[in-house]
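Worksheet for the structure shown next.
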Amino acid sequence: LRCGESAVASNKGAASTQGNPSGDFNFIFPAFSTYRIVASTCGSRPGMVSTRVSVYDKCPSRGGSLLANQTTLDLPGQAKCGQVVYDVKSFGSYWIVVEGFAESDEGEFEIFLNCSDVPTPLPTSVPTALPTLPPTQLPTAQPTSLPSAQPTPLPTSQPTPLPTAQPSSLPSAQPTALPSAQATPLPS
């Protein structure tokens, strides 16, 4: 059984290795990432058997440990159904076990497996320091629309492509290497 899949199976006549004496049906779920899985027999077609659902770290008949047990739902017009939610934190194989809700509940059932990202636990264990003190080391891709609050301590390594909004009141310390693009309107 994989993320996003559903399956129809039967526990009739199957061996019982855990829970009540009704038959167990094992699905192997291969985890290739971290997930939140929701395995559910809720929403099955009419006439399906009442079930319980659980998750194990390996085959229950070979000593697997129970990782998550179901929440039983009794929905109107349906058999009792099981739903288990488990956060897979490491890669490997997991066993999803479906058994009858009561010892006499054996027959056909339908299971659905949905996966999503594991949510971040709230709150974080260590708060972030606000604001960050050091500035970024790289310039932004686009210029900002507002001027900096403080001037830079050193001149820029590249000239700006456009003239400044207001000319400086002091002459340049060094003459420019190239002539101006336009003539000065008044003699200097």
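Every value quoted in this text rests on a predicted model; they were computed, and no experiment measured them.
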Write down the atom of [X], the atom of [Y], and the distance for their closest heavy-atom approach.
| X | Y | answer |
| --- | --- | --- |
| Val85 | Ala68 | O-CB, 4.0 Å |
| Ala31 | Val88 | CB-CG1, 3.6 Å |
| Ile96 | Ala39 | CG2-CB, 4.0 Å |
| Gly107 | Val49 | O-CG1, 3.7 Å |
| Asn11 | Gly100 | ND2-N, 3.2 Å |
| Met48 | Glu110 | SD-N, 4.0 Å |

Give, for atom [atom1] of [X] and atom [atom2] of [Y], the distance between the pair rounded to the nearest 0.5 Å.
| X | Y | atom1 | atom2 | value |
| --- | --- | --- | --- | --- |
| Phe25 | Lys12 | CZ | NZ | 15.0 Å |
| Cys42 | Phe112 | SG | CZ | 9.0 Å |
| Arg52 | Asn69 | CZ | CG | 8.0 Å |
| Cys59 | Ile28 | SG | CD1 | 7.5 Å |
| Cys115 | Phe32 | SG | CZ | 11.5 Å |
| Ser40 | Ile111 | OG | CD1 | 7.5 Å |

| field | 4.5 Å side-chain heavy-atom contact, Tyr56 and Leu67 | value |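 Contact flag for Tyr56/Leu67 side chains = no.
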| request: Would you mind reporting whether Pro30 and Arg2 have side-chain heavy atoms less than 4.5 Å apart? | output: yes
Under the 3.5 angstrom rule, does the side chain of [X] hit a backbone N or O of [Y] as a donor-acceptor pair?
| X | Y | result |
| --- | --- | --- |
| Asn20 | Phe101 | yes |
| Glu106 | Gly23 | yes |
| Ser16 | Ser22 | yes |

| task | Could you list all the side chain to side chain donor-acceptor pair (under 3.5 Å) pairs where at least one residue sits in residues 24-39, not counting sequence neighbours? | result | Thr17-Asp24, Arg36-Asp87
| Could you go step by step and tell me if Ile37 and Leu113 meet the side chain to side chain contact (heavy atoms under 4.5 Å, CB included) rule? | CA-CA 7 Å; Ile37 62 169; Leu113 181 64; 4.0 Å; yes
| Angle class for the Tyr94/Tyr86 ring planes (parallel below 30°, perpendicular above 60°, tilted otherwise)? |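 Tilted.
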| task | Check step by step if side chain to side chain contact (heavy atoms under 4.5 Å, CB included) holds for Ser54 and Val84. | result | CA-CA 6 Å; Ser54 50; Val84 65; 5.7 Å; no
| message | If you apply the rule side chain to side chain contact (heavy atoms under 4.5 Å, CB included), what do you find for Val53 with Gln83, and how did you get there? | response | CA-CA 6 Å; Val53 182; Gln83 179 170 296; over 6 Å; no
| task | Count the heavy atoms of every other residue, nucleotide or ligand shown that sit under 6.0 Å from CD of Glu5, and state whether that count exceeds 12. | result | yes
| request: Please check if Phe29 and Trp95 belong to a single hydrophobic cluster, counting links between Ile, Leu, Val, Met, Phe, Trp and Tyr side chain heavy atoms closer than 4.5 Å. | output: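 Phe29 and Trp95: separate clusters.
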